[in-house]
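Here is the structure we will look at.
For the numbers below, each heavy atom of this structure counts, side chains included, while hydrogens, waters and symmetry mates do not.
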Amino acid sequence: MAEHESLEFGKADFVLLDNVSLEEFMANLKLRFEKGRIYTYIGEVVVSVNPYRAMNIYGRDTIEQYKGRELYERPPHLFAIADAAYKAMKRRNKDTCIVISGESGAGKTEASKYIMQYIAAITNPGQRAEVERVKNMLLKSNCVLEAFGNAKTNRNDNSSRFGKYMDINFDFKGDPIGGHINNYLLEKSRVIFQQEGERSFHSFYQVCVCVCVSVYVCVTRQTDATISWYTDQMGRGSVTVLIIKSSIDDGADFKAVADAMKVIGFTADELQTVYKVLATILHLGNLTFGVDGDTTLIENSKVVAVIGDLLATKEENVEKALLYRTVATGRDVIDKQHTAQEASYGRDALAKAMYERMFCWIVGRINDVIEVKNYDAKVHGKNTVIGVLDIYGFEIFQNNSFEQFCINYCNEKLQQLFIQLVLRQEQEEYQREGIPWKHIDFFNNQIIVDLVELQHKGIFSVLDEACMNVGKVTDKVFLQGLNSKLVNHAHYTSRKLSPTDKSLEFDRDFRVRHYAGNVVYSVVGFIDKNKDTLFQDFKRLLYNSSNPVLKVMWPEGKLRITEVTKRPLTAATLFKNSMIALVENLACKEPYYVRCIKPNDVKSPLLFEHERCRHQVEYLGLLENVRVRRAGFANRQEYPRFLQRYKMISEFTWPNHDLPSEKEAVKKLLQGCGFEQDVAYGKTKVFIRTPRTLFCLEEQRTEMVGRIVLFLQKVWRGTIARMRYRRMRAAVVILRAYRRFKVKSYIKDVNHKFKNVRSMKDHGKHVKWPTPPKVLRRFEEVLRSFYNRWWAWMLIKDMTPEEKLRIRAKGATLEALKDQRPDLGLQRTWEGNYLLLKGGGYTFCVSQINRFHKAEDRAVLITDRHLYKMDPQKQYKPMKSIPLYNVTGISVSPGKDQLVVFHTKDSRDLVVCLKGMVPAGDSRIGELVGTLLSHFKSEKRKLQVNIASPIQCSMNGRKCTIIVEPKINQSQPDFTKSRSGYILAVPGN
């Protein structure tokens, strides 16, 4: 029972109807159609109503909703039945088939395309290139076969005029690896005749609509838009009118078909040959024959030249084949001239045969491309199949001829298969398994199938017998044979057998009471269509063409004129044999059904014609199907298969049971789940009444499979973790051993290199450190720090306090002025008291700016408390004292000059230039800065050292700038006044 749909849309499964009656069935079908729900279940059969409009229910999102789901987990859909067939094929390794049935215009072709689309979408998750190629070929083949095998009828714009059964082959992983297409009974008479309002095959109009395209001009050798008689029997006159009157976009379809054929693998020459065959048939339709005395003539002989050019053969050979027939009488060969009527018949037969042969060749070429190649079941696993049958539906036209009779016979065979597999087999299986069954009467159409195909008495046998008679055989003779052999048959009648039935014409019509209804057939053309005669002259003409593709299509043309061959099988016998083979093929597969219903004859998306649909429901046997599902069991499985699938649900059956038989094990399992009231036990199978029970079993199985998978994952992950742990532990042991080895090697190397540093002159400063392993890099940094501290201690341990002070001063200088000035005087001895004054202290000579802005010589003494400015001319008498705590900073330039500015808190900065150095180029700036920094550091105060050019300062509270300018002719440093402050001119090199 379908889930997830409200009752406002009706019952999603006809099995759930309150009362199983035709009225209830039709009311539910109509309600769902009007609510936009075009699919409904009957158990596992999908009933599809043609919506006659585009519906957004086939996209990728919808595909994902149905992928891998059970049939009843989602609302009814074609995708559900396609997924069920695919899962049955993949899970149980069993061939399946999807039979799509219904009358013309019910939507069978679209249903088959959506099923193909779904199967292509859910396969090949690994995106294997070869599988993608096969899927693309299978999808493209639909486009090509529709162009050459479908036509617009009064009931359907895209009616299949041939039967198609496609087998899709899958590998053991469930990916498509190839396929094969069988075609049945192409309605080739449509090439030369169509009923009013209908068209010939799409391919003719697709070529014609491209009259403005070079390919069509090249093929037809004409530039006007005149249409062949074969495609314009209603006198419409031009391509333009034909296109306007049709809703089909032939131009777009032409391009799509051409692209699809190229993708499939048709060569350019093969495509050109196809277009030329179509053009030849169009020109054949324009050939007319006349009589001049006793001679038959072609009235428009220019067309013959065009046909000869298109067929790559001589014009005279074409003309001879059209007007004469070569007859072998013993050893003699004569040319017998046709009458105008015979010539017209030969022309039409040639057109039909060329199209049919081209169509079969196209199908063969597609099969060559998509067939499974180099597949070995022992290596690759079993090759499974899903078959999709899209075949013409039941037809009742105003004029029903041989084609409609074959089509309706085909539908009788399919209905018989449906009865056998879904209804009769259902009952027989219950009886075989010993399950109580309530008998349901159903119509068995075997009597109609026998009416058509029974040996010696069937309609096909009578038709073949009439065709084999010697002498003049007419359709009237065939009808007389039917009347004599079927006089007492309940499903056959004619005007002779029912004289009062004026709906039948004398000597023309007969009626067959099909399962789908009564159909009146006209015997006109039955004999000719069954014989399907094509003169051997045409076969030789086409075989001897210089076009190799055309030559391949007609291999029998190589036979000599005098060569005797067996009588070919008639069209009816060939079709009957193909139908029997098709049914046998379907019967050996697990079938799934899509039953298509046409809601109205005007292609309206809103109209639901009650009587029209009721008739289809009756002849499709849908109500009987509902009764069977309601009375019986929805699902049955063999005990071993059932147990294999669901044994993990019960503790008594997992992982293996110890009960007397598998039947007892299944009973134990179902009793444990509480389903014993909804099942029955047969001899070899368990029968489950409602889909809900099966769905519940699937839910429990899914839950248990998840637990089993988790358990297996846990065990496997534990195994992997233990293996990984052992590997990691081994790696750690090896790593630790290697690390210890590297550490010991490094320490040993360091110990060896620095073993005698105490006795070395530089205490090991020249020794190169070994490269440490990565783990000891931080250790090496600490070790180097220890060494540097020890090395420094070794240098200063024997120094006097004064030497230690000088060393600290040099260190302070280096820290403050490193990379800031070119010469810091670190390499020379720092004397300190350069004026040799008593009392010590740091003394030096300077040049200072006085209050008159002139430079004058002075001396400076720096003690640990004060900075004194002294007059050298008065025996260094102190002139000014500046406490060091009043000094805030010191500024020097980045050059080689000796300019120094002492900044004070009272903005009376002292600007001096050191002088009197010996040697003359010596620099004492570094020594001065270091001395001051040492004093400040001993007082735990901070001195700001600035390196700048120019230097900003304050003199007597006024801001000024000191600029250093090198001059070439300057012998001694000298200050001069400038607008912004002062300029210190220094000797330039």
>> Please determine whether side chain to side chain donor-acceptor pair (under 3.5 Å) holds for the pair T843 and N833, giving the CA-CA distance in whole Å, both sets of side-chain angles, and the decisive distance to 0.1 Å.
In response: CA-CA 5 Å; T843 59; N833 188 3; 2.7 Å; yes

>> Looking at Q873, I want to see if its CD is surrounded by more than 12 non-hydrogen atoms of other residues, nucleotides or ligands under 6.0 Å.
In response: no

>> Would you say CG of N56 has more than 12 non-hydrogen atoms from neighbouring residues, nucleotides or ligands within 6.0 angstrom?
In response: no

>> Is the shortest side-chain heavy-atom distance between M955 and C953 below 4.5 Å?
In response: yes

>> Can you tell me if R865 has over 12 outside heavy atoms packed within less than 6.0 Å of its CZ?
In response: no

> Within a strict 4.5 Å, meaning less than it, do heavy atoms of the H766 and M760 side chains meet?
Replying inline: yes

>> Salt bridge check, E703 against R707: does any charged N sit closer than 4.0 Å to a carboxylate O?
In response: yes

>> Angle between ring planes, H853 versus Y982, binned at 30° and 60°: parallel, tilted or perpendicular?
In response: tilted

> R941 side chain to L884 main-chain N or O, any donor-acceptor pair under 3.5 Å?
Replying inline: yes

> Side chain of W830, backbone of G926: donor and acceptor closer than 3.5 Å?
Replying inline: no

> Where does the angle between the aromatic ring planes of Y66 and H77 fall among parallel (under 30°), tilted (30 to 60°) and perpendicular (over 60°)?
Replying inline: tilted

> Looking at side-chain heavy atoms only, is the closest gap between I925 and V900 below 4.5 Å?
Replying inline: yes

> Can you check side-chain contact (heavy atoms from CB on, under 4.5 Å) on L928 and F844, steps first, answer last?
Replying inline: CA-CA 9 Å; L928 171 62; F844 50 90; 3.7 Å; yes

>> Could you go through K937 and R808, starting from their C-alpha distance and side-chain angles, then the distance that decides it, and tell me whether this counts as side-chain contact (heavy atoms from CB on, under 4.5 Å)?
In response: CA-CA 10 Å; K937 193 172 183 180; R808 290 192 180 94; over 6 Å; no

> Any sub-3.5 Å donor-acceptor pair from R908's side-chain atoms to G957's backbone N or O?
Replying inline: no

> Can you tell me if NZ on K854 sees more than 12 non-hydrogen neighbours from other groups inside 6.0 Å?
Replying inline: no

> Looking at CD1 of I264 and CG of D259, how far apart are the two atoms once the value is rounded to the nearest 0.5 Å?
Replying inline: 11.0 Å

> Around atom CD of Q972, are there more than 12 heavy atoms of other residues, nucleotides or ligands at under 6.0 Å?
Replying inline: no

>> Under a 3.5 Å cutoff, is there a donor and acceptor pairing between the side chains of S954 and D909?
In response: no

>> Counting C-beta onward and ignoring hydrogens, is there a side-chain heavy-atom pair between R828 and R924 closer than 4.5 Å?
In response: yes

> When you look at Y876 and Y868, which way does the ring pair (Phe, Tyr, Trp, His ring centres under 6.0 Å) test go after all the steps?
Replying inline: CA-CA 10 Å; Y876 297 100; Y868 297 97; over 10 Å; no

> Taking side chain as C-beta onward, heavy atoms only, is H752 less than 4.5 Å from K748?
Replying inline: no

> Can you name the side chain to side chain donor-acceptor pair (under 3.5 Å) partners of S934, sequence neighbours left out?
Replying inline: none

> Is a side-chain donor or acceptor of K87 paired with a backbone partner of R69 at a separation under 3.5 angstrom?
Replying inline: yes

> In terms of ring plane angle, is the pair F170 and Y86 parallel, tilted or perpendicular, where the classes change at 30° and 60°?
Replying inline: perpendicular

>> Tell me whether S785 contacts the main-chain N or O of E781 through its side chain, where contact means a donor paired with an acceptor under 3.5 Å.
In response: no

>> Just verifying a value: how many Å separate I951 CD1 and N946 CG, rounded to the nearest 0.5 Å?
In response: 8.5 Å

> So T888 and Q944, side-chain contact (heavy atoms from CB on, under 4.5 Å) or not? Walk me through it.
Replying inline: CA-CA 7 Å; T888 60; Q944 183 70 37; over 6 Å; no

>> Tell me if a side-chain donor or acceptor on E927 pairs with a main-chain N or O of G832 at a distance below 3.5 Å.
In response: yes

> Who are the ring pair (Phe, Tyr, Trp, His ring centres under 6.0 Å) partners of H763, not counting sequence neighbours?
Replying inline: W790

> If only atom types and distance count, is the side chain of Y58 paired as donor or acceptor with the main-chain N or O of Q117 below 3.5 Å?
Replying inline: no

> Are any of the side-chain heavy atoms of L933 and T813 separated by less than 4.5 Å?
Replying inline: no

> For K765, does the NZ atom sit with more than 12 other heavy atoms under 6.0 Å from it, leaving out its own atoms?
Replying inline: yes

> Is the side chain of E780 donor-acceptor paired with the backbone N or O of W769 at a distance under 3.5 Å, no angle test?
Replying inline: no

> Are there more than 12 heavy atoms of other residues, nucleotides or ligands under 6.0 Å from atom CE of M728?
Replying inline: no

> Would you say the side chain of L710 lies within less than 4.5 Å of the side chain of Q713, judging by non-hydrogen atoms?
Replying inline: yes

> Quick one: CE on M648 to CD1 on I708, what's the gap to the nearest 0.5 Å?
Replying inline: 5.0 Å

>> Can you confirm whether K742 is buried at NZ, in the sense that more than 12 heavy atoms of other residues, nucleotides or ligands lie under 6.0 Å from that atom?
In response: no

